[in-house]
Visitor: 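Structure provided below as structure tokens; questions to follow.
No experiment lies behind these values; they were computed from the predicted model shown. Chain letters run A, B, ... following the sequence lines, proteins first and then strands; every chain starts at 1.
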2 protein chains.
Amino acid sequence: MSRMLDIAILGLLMDRDHHGYEIRSQLRERLGVSANVSFGSIYPALARLERHGSVEAVAPTESRFGALSTGSLSGERASLRALRATSGIGRRGRKVYRITDRGRQEFAELLADPTTMDDGKNFTMRMALAKYLTPTLRVALLERRRTDLVSRLAEVRAGAANTELDSYARSVMEHAAQAVELDLAWIDSLLTTERSNHNNFAQDAK
Amino acid sequence: MSRMLDIAILGLLMDRDHHGYEIRSQLRERLGVSANVSFGSIYPALARLERHGSVEAVAPTESRFGALSTGSLSGERASLRALRATSGIGRRGRKVYRITDRGRQEFAELLADPTTMDDGKNFTMRMALAKYLTPTLRVALLERRRTDLVSRLAEVRAGAANTELDSYARSVMEHAAQAVELDLAWIDSLLTTERSNHNNFAQDAK
DNA sequence: GTTCGATATATCGAATTGATATGATGAGTC
DNA sequence: GACTCATCATATCAATTCGATATATCGAAC
């Protein structure tokens, strides 16, 4: 598989530690994913990454659950909680993960790998993590995306011009064309920025 | 599951017969799906629908493969082909499907069912098939989508204003905001059209 | 004539989904 | 203080979808 979720999780953990529930909201709020990624994807992915040694669970120090900070709980409840925390049976509460050195290395390789195809969602995730790419790889990523968008634009424009379609289907294709045009303008502005940065650097180096 | 692929396939077959390979391109060209749907989804979905009695395979009359139209083939090759066609072993070529009455009924129910959530891709498919919905259901679909987009817009605008994000992640969120704004404008124009049609109809009915 | 890209079905393991179960916490409210 | 209720949080399941791969035909180009 393309392992885009692995890249996204590792990318989020590059910044700071996270627990599973939080990763879902971060995907939306920081990586621009518009659909909710299922917990049925996230928890198995974290388990997979932990087995692989790319992430490790850390003690939930600032957890709201396992903290046992003040003596506000009854003795009975506290001991029950301690038992659960120790035994691991029925344990609930945050499980915070940290990226390992191995995870950091794996992240760099996965993010840079151009063979994992980039549909819209994947490209968005990658671009939101682009600060971890070299300028060259960033430009390559943008140009690959640009090529895809140009051919998709031709396709949706043909659809919008297809008189066999009813007005709803045609409206969908017209809107798709506008959306692709917006995407293309964005890519082009990013490419311009990359190239001007590159020129600045070249000038500085002189 | 949400069975969006089933809806899409049945919707395409409402218009005319299709074979599996063709359905993939039609999803892009007529229903506005921007990613290629895997054949590993399409062929099992067709088999499922056939088992369920919603579609049926028709003789590949105009197939390029099984046609046997002119005598341009050598006797040996023709007999080999006939053998394959009869035995079903190693048979290749188009397998064209037609929607059944049962399929038509199922399609109407699935398309109208509001419990199947509408992320971007699903909404696009449904909207491209909106001519099969009643005006009331069309407006309900558009309003549900509008609600989702409004809350998503707030989320991405917050992301774009988040100074903790690096310039790439922030650019992603800014572009996401623009994309949602474009989507919203589209939805609103469709709603306006629906309502003016409704008014026209009400006037006509007077 | 033979190589190559497009057409076409099929199948597999792995990943993802949507639903559901279970429980903790915090904020009201009576 | 006891009560509801929304939110937080992990976990698991069958069904679905993906990405890769295998196989084979056709048309065109060389």
Visitor: Residues two or more places apart in sequence or in another chain: which of them pass side chain to side chain donor-acceptor pair (under 3.5 Å) with A/Arg28?
Guide: A/Asn36, B/Glu155
Visitor: Quickly work out the A/Ile7 CD1 to C/dA15 P distance and round it to whole Å.
Guide: 13 Å
Visitor: Please work out which residues in residues 14-24 of chain B have a non-hydrogen atom less than 4.0 Å from an atom of DNA chain C and list them by number.
Guide: B/His19, B/Gly20, B/Tyr21
Visitor: Quick test of your reading of the model: are B/Asp101 and B/Arg104 salt-bridged, counting only N-O distances below 4.0 Å?
Guide: yes
Visitor: Could you tell me the separation between the CG atom of B/Leu5 and the P atom of C/dG18, rounded to a whole number of Å?
Guide: 13 Å
Visitor: Roughly, in whole Å, what's the span from CG in B/Asp6 to P in C/dT17?
Guide: 18 Å
Visitor: Look at A/Asp15 together with A/Arg30 and state whether they make a salt bridge at an N to O cut-off of under 4.0 Å.
Guide: yes
Visitor: Can you name the residues that form a ring-ring contact (aromatic ring centres under 6.0 Å, His included) with B/His175, not counting sequence neighbours?
Guide: A/Trp186
Visitor: Please report, rounded to the nearest Å, how far the P atom of D/dT16 is from the CG atom of B/Asn122.
Guide: 14 Å
Visitor: Report the residues that fulfil ring-ring contact (aromatic ring centres under 6.0 Å, His included) with B/Phe39, sequence neighbours left out, ordered by chain and then residue number.
Guide: B/Tyr21, B/Tyr43
Visitor: B/Met4 has an atom CE; how far is it from atom C1' of D/dC18, in whole Å?
Guide: 17 Å
Visitor: Would you jot down, in residue-number order, the residues of residues 39-54 of chain B having a non-hydrogen atom under 4.0 Å from DNA chain C?
Guide: B/Phe39, B/Gly40, B/Tyr43
Visitor: Let's test your reading of the pairing rules: Watson-Crick or G-U wobble, both distances under 3.5 Å, then write DNA chain C as a dot-bracket string with ( ), [ ], | and dots.
Guide: ||||||||||||||||||||||||||||||
Visitor: Considering residues at least two apart in sequence or located in another chain, which fulfil the salt bridge (charged side-chain N to carboxylate O under 4.0 Å, His left out) criterion with B/Glu174?
Guide: none
Visitor: Just how far, in rounded Å, is P of C/dA8 from OH of B/Tyr97?
Guide: 14 Å
Visitor: So, using side chain to side chain contact (heavy atoms under 4.5 Å, CB included) as the criterion, who are the partners of B/Ala112 when residues are at least two apart?
Guide: B/Leu133, B/Leu137
Visitor: Which residues pass the salt bridge (charged side-chain N to carboxylate O under 4.0 Å, His left out) test with A/Glu29, not counting sequence neighbours?
Guide: none
Visitor: Between D/dG19 atom P and B/Asn36 atom CG, what is the distance in whole Å?
Guide: 10 Å
Visitor: For A/Asp188, check salt bridge (charged side-chain N to carboxylate O under 4.0 Å, His left out) against everything at least two apart and list the hits.
Guide: A/Arg146
Visitor: What is the distance, to the nearest angstrom, from the CZ atom on B/Arg94 to the P atom on C/dA8?
Guide: 4 Å
Visitor: Can you name the residues that form a side chain to side chain donor-acceptor pair (under 3.5 Å) with A/Ser54, not counting sequence neighbours?
Guide: A/His52, A/Glu106
Visitor: The side chain of B/Arg3 is closest to which nucleotide in this list: D/dA11, C/dT17, D/dT16?
Guide: D/dT16
Visitor: For B/Phe107, which residues count as a ring-ring contact (aromatic ring centres under 6.0 Å, His included) partner, sequence neighbours excluded?
Guide: B/Tyr132
